Structure formats: C-alpha cells, structure tokens
Amino acid sequence: MSELRSVVEALRSESLSGLPDARLEEDFAELHRVVEQLEAEGLRRLAEIDRRGLYERDGHLSCAAWLVAQHRVAFGRAREAVKVARGLEEMPVARHALDEGDVSLSAVRVLADAREVDPDAFARAETTLVEAARMHSLRDLQRVTAHWRALVEQEQTPDPEERMRRRRSFHASVSFLGMVKVDGNLDPETGETLLTALSAVLDAEAHSRTREDTRSPAQRRADALGEICRQWLDRSDRPQVGGERPHISVTVGLDVLKGSPGTAEFDHAGAVPSSVAQRLACDASVTRIVLSADSEPLDVGRRTRVVSAAMRRALIMRDRHCRFPGCDRPPSQCDAHHVVHWAKGGPTSMANTILLCRRHHRLIHDHGGFTLELVQGRPVFGRPDGSVLQERGPP
Ligand SMILES: [Zn+2]
Ligand SMILES: [Zn+2]
C-alpha cells in the first residue's frame, strides 16, 4: 500500500504543461484503466468485509450503512458499491473480463444490476452478456440487458399485467434543504388514478383562476399533489395512528411564533423557515409542550384547534371564498388567517380572522411580501411596494 502511495506522489509532482498531446492522452487512458482495476480491488475487499460482517462491530446494520458512516459515501452510491461487490463474487466471467481490462467497471455495474433480477438465470447467461459488454457501447449494453431482463420476467410471470404491476415502485426522500424528491413507477391503474386526481384539482383551479398564474405546469402539478394529500389528511373518517389522526407536525418555540429569530422543524423534512411555522400555526391544531432549560418536556398540553369548527362555518358564511382581491378559491382550499397572529396576542375572533386560500395565505406570511391589515374592521391588502390593493367586500 505504501508503494501505491509513492506512485501517486510521483504522479502528483509531474508537470503537465510541457507534455505532448499524445502522451497526455496515453497517460489518461493508462490511469483510467488502473483506477478501474484499483476500484475493482477495493470492491473485492468490500465483499470480504461484508462476508465477515465487520460492519457489525460498531453497530452498523448493513455494509452500506457502514460505508456511509465510516467513509462518507452517499447512501445511494454505498448501496450500489455493496451490490456490485457482492455481484462480482458471483460473476466469474465478468470478473475475469474486468481484470483483463476487456470490460469497464461501468459495464460491470450494468451487469450486476441485471443479475439482481434472477441470479440463477444470470449465471446461465453470463458468458453471453459479458460478450455483449465486450462488444457494445454502454448504451447498447443497457438495451441488451433490458431485453434479457424482459425475457426472464416473462418466464417468471407469463401474465403481462402482473409483470407490469411487479415493476411498481415509489420513492420519496428528503434531499438538500428539506426538499423532498419523489420518483417511481406506477402500474397503469394507480397511474390513471393519480392523473385523474391531479387533473381534477388542476381543472378546479383553472375555473377559479382569475389572476395571471405565473407557475409553470410542473409547479402547478406539484401544488395539486400537495392539495390532494392535504385534503386526504383533513378527512375526519381516516384511521388513527397512535391515538391521533396524523397531520403534518412542526415543532417551534413560542418566541419564534411571536416573531423572534429562530428555527422550526418538520417531523420528516427537517428545518423550515420560521415564516412557514407561523403560517401553519395560524390555522391549526396546536399541542403545547413546555420544555425545561435542558429541553426535557415538563408539561404536555391537550391538542386544541385554534379555529373551532363552528367558527370556521361562520367564517365561510361571511367570506364565501378567499378574500384576497380578485381570488375566488372555495373554502375547501382556504385557511382561517389571523390578521394579528394568535401567538402575538391576536384574538381568534371573527373580527381578527379571514379566509385565505393556501397560495394567498403563503403570500401574506412571506417576509417582505404582501401585507394585510385591518383598518376600521375592514381588511386592507398591500403590495410589497406599499401600495394598496383594491379590496372586494364580502357579497
Ligand atoms: Zn395566517
Ligand atoms: Zn386566494
């Protein structure tokens, strides 16, 4: 291993500016080949670590989890590395071709992926598939393995509908800054259900859309999916989990709700700006949990609705729809907004609450955006530049 390090050291001290073009390309090709072989050797050791269960020593639940924690590898890459390492142990023909430099490590990854479908069938077809890897580009190899995979699946499940259903998957994972990445494959029936629900929400929006919509179609679909989930969560006949109807939870200090700087946190997506917590708490069920100085819960209060059902009905009678000038989204898409936030002492009274659709509610709570004040009991909306938007009174 120390020899390896001194080779790297020698490479590093080499000056590149004076190298002829041909040498530079040759060097790159040679390095690329060696790097792949080194990586293959790394994977061979990884497979041995996996076999001996060394990752269990520090309590890691899998070899991939160990890679993530010990070597700061992204989880997706760690899982793939373990898959390829294990696969190579069972793919002698591919291993040999890789060692000889006949196939690239990228091609081996494609093969290892295909092997997962049916290891036994793969063992029977390995020589042919490796031959394909030797001859074809990576893209073409992917086509070959996809074709092979389809054949194997056809043998396993002759029913084409069942074959499609088997491929269904759905992933939703938190990525940077709390964004949630969604991707997957839905079987035709579930897909049709999703598309129908999305287009129902989009149609309803198109009808009530009176101002110019600046959202892209993709953004509109994302909002529509949120609306579908929210309405499902709002249903009162849904099953309870742990004695409660699960809804989104955000943990926030009262001082932050009152406007002090600080953070708030979603259960799943993590940290969110305080303005989001203020907006969500504006019309919500609130559980009070008092924490001691060292964050031990001292007292847990009952879950109480900020705006009662009776008051919401009265608000709907009065406002009919979103009160933002020019908007007529129906009450089902509206929150009850406190003009003066309850955390800042604003009363939950008819005089201090107003119906706003989710998008306008967001607009009002965003720092530095639109404003809403009560002037002699009447709502006055202001643009970010301070000018007043014409308010349309309740009918
Ligand atoms: Zn509000
Ligand atoms: Zn609105």
Side-chain angles (χ1 to χ4, degrees), residues 201-215 219-220 222-224 226-227 230-231 234 247-250 252-260 264 266 272-286 304-308 311-312 314-375 377-384 388-395:
V201 174
L202 293 172
D203 281 355
E205 278 206 338
H207 285 135
S208 65
R209 206 157 69 221
T210 44
R211 281 155 53 91
E212 202 192 331
D213 201 332
T214 53
R215 294 173 300 165
Q219 288 172 332
R220 273 202 287 267
D223 289 352
E227 193 56 41
R230 193 157 27 228
Q231 288 189 22
D234 281 343
H247 217 306
I248 59 173
S249 297
V250 56
V252 60
L254 188 59
D255 49 336
V256 175
L257 274 190
K258 282 177 175 159
S260 312
F266 277 134
V272 284
S274 55
S275 61
V276 173
Q278 283 157 11
R279 171 164 52 79
L280 289 172
C282 193
D283 178 16
S285 291
V286 174
T304 44
R305 263 216 97 82
V306 174
V307 178
S308 70
M311 189 170 150
R312 175 176 286 274
L315 268 175
I316 291 172
M317 286 281 286
R318 187 193 70 190
D319 291 349
R320 302 267 177 103
H321 49 71
C322 173
R323 283 283 296 276
F324 199 89
C327 183
D328 60 357
R329 288 212 171 79
S332 63
Q333 296 179 25
C334 289
D335 295 329
H337 168 68
H338 286 66
V339 179
V340 179
H341 203 289
W342 57 261
K344 289 182 185 159
T348 302
S349 63
M350 292 293 286
N352 189 44
T353 46
I354 184 169
L355 277 192
L356 287 179
C357 72
R358 241 78 77 180
R359 292 187 59 211
H360 284 126
H361 196 191
R362 180 172 289 135
L363 217 57
I364 296 295
H365 275 276
D366 270 353
H367 296 307
F370 286 79
T371 57
L372 166 57
E373 284 173 339
L374 285 177
V375 177
R378 291 188 67 80
V380 175
F381 291 87
R383 295 189 184 87
V388 171
L389 263 165
Q390 203 56 44
E391 207 263 331
R392 189 181 48 173

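Start at 1 and go down the list; that is how both ligands and their atoms are numbered. Numbers for residues simply follow the sequence, beginning at 1. The figures here come from the full heavy-atom set of this structure, side chains too, leaving out hydrogens, waters and symmetry mates. Values in this document were obtained by computation on a predicted structure and should not be read as measured data.
- Residues Asp283 and Arg312 are paired through a salt bridge, judged by an N-O separation under 4.0 Å between the basic side chain and the carboxylate.
- For Arg358, the CZ atom counts as densely surrounded, since its 6.0 Å shell holds more than 12 non-hydrogen atoms of other residues, nucleotides or ligands.
- Around the Zn ion (ligand 1), the two atoms NE2 of His361 and SG of Cys282 are separated by an angle of 120°, to 10 degrees.
- Take the N/O/S atoms of His365: the one nearest the Zn ion (ligand 1) is NE2.
- Note: His360 and Phe324 have parallel aromatic rings, judged against thresholds of 30 and 60 degrees for the angle between ring planes.
- Among the backbone and side-chain atoms of His321, no N/O/S atom is found under 2.8 Å from the Zn ion (ligand 2).
- At least one N, O or S atom of Cys327 sits under 2.8 Å from the Zn ion (ligand 2).
- Side-chain polar atoms of Thr353 and His337 form no donor-acceptor pair below 3.5 angstrom.
- Distance check for Cys334 against the Zn ion (ligand 2): none of its N/O/S atoms falls below 2.8 Å.
- Within the 3.5 Å criterion, the main-chain N or O of Arg359 finds no donor-acceptor partner in the side chain of Gln333.
- Summary: ND1 is the N/O/S atom of His360 found nearest to the Zn ion (ligand 2).
- Closest N/O/S atom of His337 to the Zn ion (ligand 1): ND1.
- The closest side-chain donor-acceptor pair between His321 and Asp328, if any, does not fall under 3.5 angstrom.
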